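Before any comments, here is the structure.
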Amino acid sequence: MMQRRMFVLGATTALLGGPALSQEAGLTAAEITTLLSGKTAIGVWAGADYRQWFSEDGSTIYAPKGQRSTVGKWRVDANTNLYESWWNGDLWETYGIVRADDQLFWTDPTGERHLFEVLDGQQLIWPE
């Protein structure tokens with residue numbers, strides 16, 4: 001009987017006051033499209049702050065802080081649920097997008113994660 005009480009007490013503590021379990025999920029193609037279309041992602045990539053705008057027509061502008069912007073293309077593959085970008089090359093680069101609790105992460109092909117957030121509209125100008 002004592003073991004049962006301890007189990008119930010432990011389970012109640014975990015549910016009510018214990019540490020929260022992380023909720024993580026990869027976004028679907030439809031979710032990625034909705035998340036990015038007509039919006040700007042901001043974050044840090046390879047140690048550099050960036051802003052990237054995603055037009056509804058599939059064009060994108062990548063604007064690293066203090067550097068020239070680059071124009072490319074973007075799309076989402078409905079079969080793989082991956083975001084894809086093209087930057088003046090022959091290949092489309094692929095990335096997953098994961099939501100963990102209230103945070104968003106790009107997942108690159110090596111599995112490394114890059115935290116970002118999304119702003120409404122085109123917001124490529126850096127605030128002073």
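As the structure is a computational prediction, the values presented were derived from the model and not from experiment. Starting from 1, each residue takes its place in the sequence as its number.
- Remark: D57 CG to W74 CH2 distance equals 10.0 Å, nearest 0.5 Å.
- Once rounded to the nearest 0.5 Å, the distance linking OG1 of T107 with CD1 of I97 reads 8.5 Å.
- For the pair P127 and R51, the tightest heavy-atom approach, listed with the atom from each and the gap, is CD-NH2, 3.3 Å.
- To the nearest 0.5 Å, atoms OG1 (T60) and CH2 (W53) are separated by 8.5 Å.
- The side-chain contact (heavy atoms from CB on, under 4.5 Å) test applied to E112 returns D108, T110, H114, not counting sequence neighbours.
- Counting only heavy atoms from C-beta outward, the side chains of I42 and F116 never approach each other to under 4.5 Å.
- Within 6.0 Å of CG in D102 there are 12 or fewer heavy atoms belonging to other residues, nucleotides or ligands.
- Here the shortest heavy-atom pairing between R113 and E24 reads NH2-OE2, 2.7 Å.
- The local environment of NZ in K39 is crowded, with over 12 non-hydrogen atoms from other residues, nucleotides or ligands closer than 6.0 Å.
- Without hydrogens or angle criteria, D101 side chain to Q23 main chain gives a donor-acceptor distance under 3.5 Å.
- Judged as a salt bridge (Lys or Arg N to Asp or Glu O under 4.0 Å), not a single pair has a partner in residues 86-100 (not counting sequence neighbours).
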Exercise answer: donor-acceptor pairs, residues 77-86 side-chain atoms, under 3.5 Å, sequence neighbours excluded:
residue: D77; atom: OD1; partner: N79; partner atom: N; Å: 2.7
residue: D77; atom: OD1; partner: T80; partner atom: N; Å: 3.2
residue: T80; atom: OG1; partner: L82; partner atom: N; Å: 3.4
residue: N81; atom: OD1; partner: A29; partner atom: N; Å: 2.7
residue: Y83; atom: OH; partner: Q52; partner atom: NE2; Å: 3.2
residue: E84; atom: OE1; partner: R75; partner atom: NE; Å: 2.4
residue: E84; atom: OE1; partner: R75; partner atom: NH2; Å: 3.1
residue: S85; atom: OG; partner: W87; partner atom: NE1; Å: 3.1
residue: W86; atom: NE1; partner: G89; partner atom: O; Å: 2.5

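- Aromatic rings from W106 and Y50 are positioned such that their centres are separated by 6.0 Å or more.
- For the atom pair CD (Q122) and OG1 (T40), the distance works out to 6.5 Å, reported to the nearest 0.5 Å.
- Under the 4.5 Å side-chain heavy-atom criterion for ILVMFWY residues, no single connected hydrophobic cluster contains both L35 and L124.
- Contact of the P109 side chain with the Y95 side chain is registered, since non-hydrogen atoms from C-beta on lie closer than 4.5 Å.
- In this structure, the separation between CD on E56 and CG on L36 is 11.0 Å, given to the nearest 0.5 Å.
- Neither F105 nor V76 shares a network with the other; the hydrophobic side chains, linked directly or stepwise wherever heavy atoms of I, L, V, M, F, W or Y lie under 4.5 Å apart, form separate groups for each.
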